[in-house]
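Order of the sequence lines fixes the chain letters, A, B, ..., with proteins taken first and strands second; residue numbering starts at 1 for each chain.
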2 protein chains.
Amino acid sequence: MGNRGRTNDYDQIDARIMELVQENNRLTSDVIGERVGLSATACQRRLKRLRSDGIIEADVSIVSAKAVGRPIQMLVLVTLERERIDIIDKFKKEIKSSAEIATGFYITGDADFLLYITARSMEDYEQYTRRFFYDNPNIKSVKTMVVVDRVKAGFSIPIDLPEDD
Amino acid sequence: MGNRGRTNDYDQIDARIMELVQENNRLTSDVIGERVGLSATACQRRLKRLRSDGIIEADVSIVSAKAVGRPIQMLVLVTLERERIDIIDKFKKEIKSSAEIATGFYITGDADFLLYITARSMEDYEQYTRRFFYDNPNIKSVKTMVVVDRVKAGFSIPIDLPEDD
DNA sequence: ACTGAAAACAATTGCGA
DNA sequence: TCGCAATTGTTTTCAGT
């Protein structure tokens, strides 16, 4: 009763497991099981479910931008000329197909998009922005912030007790 | 000659492997080997080296913020009162120890830091900002941008031919 | 530095509770 | 949903090229 068709739910043990694999997803289920007080099998079943339910969205390796010759990292606030759905959607597609953009956010507030861009050098970056931003008539303004330092390693979010939401 | 003691280098096959595991690090070495034209064993040795050399920094699961009850995501530009090393370092530590902050960047430009914050609700977020920002005398200004949409899934960076850098 | 086979290890599946 | 045991699959090691 009261179930609204939602199957993707998780309990406190799942939460603990996610905290672990958010830091390191190469931990063996044995180790995970040890830490959460469950058998390896149970942990694996839980992980499998979390993945197929989309609670765990992806499993990825993080590559060091510096180590692969991209020491320049920029955060770029982009404002479009007009906030029209079709223009926004077009810009989203352009973001997706641009390798230089590691990630992008569609936002509300001072700007419309925030982009995280890596480049091999300042010249590269400038050349890229000319191509990508300047030649784009839908873009009103661009504000670049140079990343000096990434303060937190990963991208972990806190996972607290699930609620019936 | 000209070698400054750097051993961490990678070749084009490594680059191809990294492209793959940046998307999905649970691919078996067998599959990776197939795609790059190498035996599974060779791929695994390469991955091991890439990891121990720090070219691959980490291997993590990406958890859906929405699915774990944190539908509110914010990007926050923070400007400190004064750009003094000790104040900056102190703020970095505060970022590190705050679970709500998924990641943070120390930047130059319009602000000093950009933070990515998740929250269970708007009230939660407001309460958090009061505690974290308002009560902090070193903070001059805070500008919040609401994340409507994340445009790109992961955090992949392009990996092109390595150079002697 | 690669391949391929064997050994070691981890994940998955089936079953009884 | 769990744990255990058996199976399947993956990674690691080792010898050979």
Worksheet item: Taking atom types as modelled, is there a side-chain donor on B/Glu100 or B/Thr118 under 3.5 Å from an acceptor on the other?
Response: no
Worksheet item: In whole angstroms, how far is the P atom of C/dT13 from the CZ atom of A/Arg46?
Response: 17 Å
Item to complete: For B/Thr79 and B/Asp112, test the side chains for any donor-to-acceptor distance below 3.5 angstrom and give the result as yes or no.
Response: no
Item to complete: Would you kindly give the CZ-to-C1' distance between A/Arg49 and C/dT13, to the nearest whole Å?
Response: 18 Å
Worksheet item: Among C/dA1, D/dC2, C/dT3, which is the nearest nucleotide to the side chain of B/Leu38?
Response: C/dT3
Worksheet item: According to the interplanar angle, ranging from 0 to 90°, do the rings of A/Phe133 and A/Tyr128 count as parallel (below 30°), tilted (30 to 60°) or perpendicular (above 60°)?
Response: perpendicular
Discussion item. Taking only side-chain N and O atoms of A/Ser39, does any of them lie within less than 4.0 angstrom of OP1 or OP2 on D/dC2?
Written reply: no
Worksheet item: Looking at the side chain of B/Ala42, which of C/dC15, D/dT13, C/dT3 is the nearest nucleotide?
Response: C/dT3
Worksheet item: D/dA15 C1' sits how many Å from B/Arg45 CZ, rounded?
Response: 12 Å
Worksheet item: Which nucleotide, C/dC2, D/dC2, D/dA5, lies nearest any side-chain atom of A/Thr41?
Response: D/dA5
Response to the item:
On a heavy-atom basis, the closest approach of B/Gly104 and B/Leu115 is CA-CD2, 4.0 Å
Discussion item. Side chain of B/Thr28 only, heavy atoms from C-beta on: which candidate in C/dA1, D/dT10, D/dT1 is closest?
Written reply: D/dT10
Worksheet entry | Contact under 4.0 Å: A/Lys48 side-chain N or O vs C/dT13 OP1/OP2 | yes
Discussion item. Could you tell me how far apart B/Gln44 (CD) and C/dG4 (P) are, to the nearest whole angstrom?
Written reply: 15 Å
Worksheet item: Checking A/Arg150 against B/Phe155: charged group under 6.0 Å from the ring centre and within 45 degrees of the axis?
Response: yes
Worksheet item: Starting at CD1 of B/Ile32 and ending at P of C/dC2, how long is that distance when rounded to a whole Å?
Response: 14 Å
Response to the item:
When rounded to whole Å, the CG to P distance for the pair B/Leu47 and C/dC2 reads 12 Å
Worksheet item: Could you give the CD1-to-P distance, from B/Ile17 to C/dA1, as a whole number of Å?
Response: 13 Å
Discussion item. Could you tell me how far apart A/Ile13 (CD1) and D/dC2 (P) are, to the nearest whole angstrom?
Written reply: 6 Å
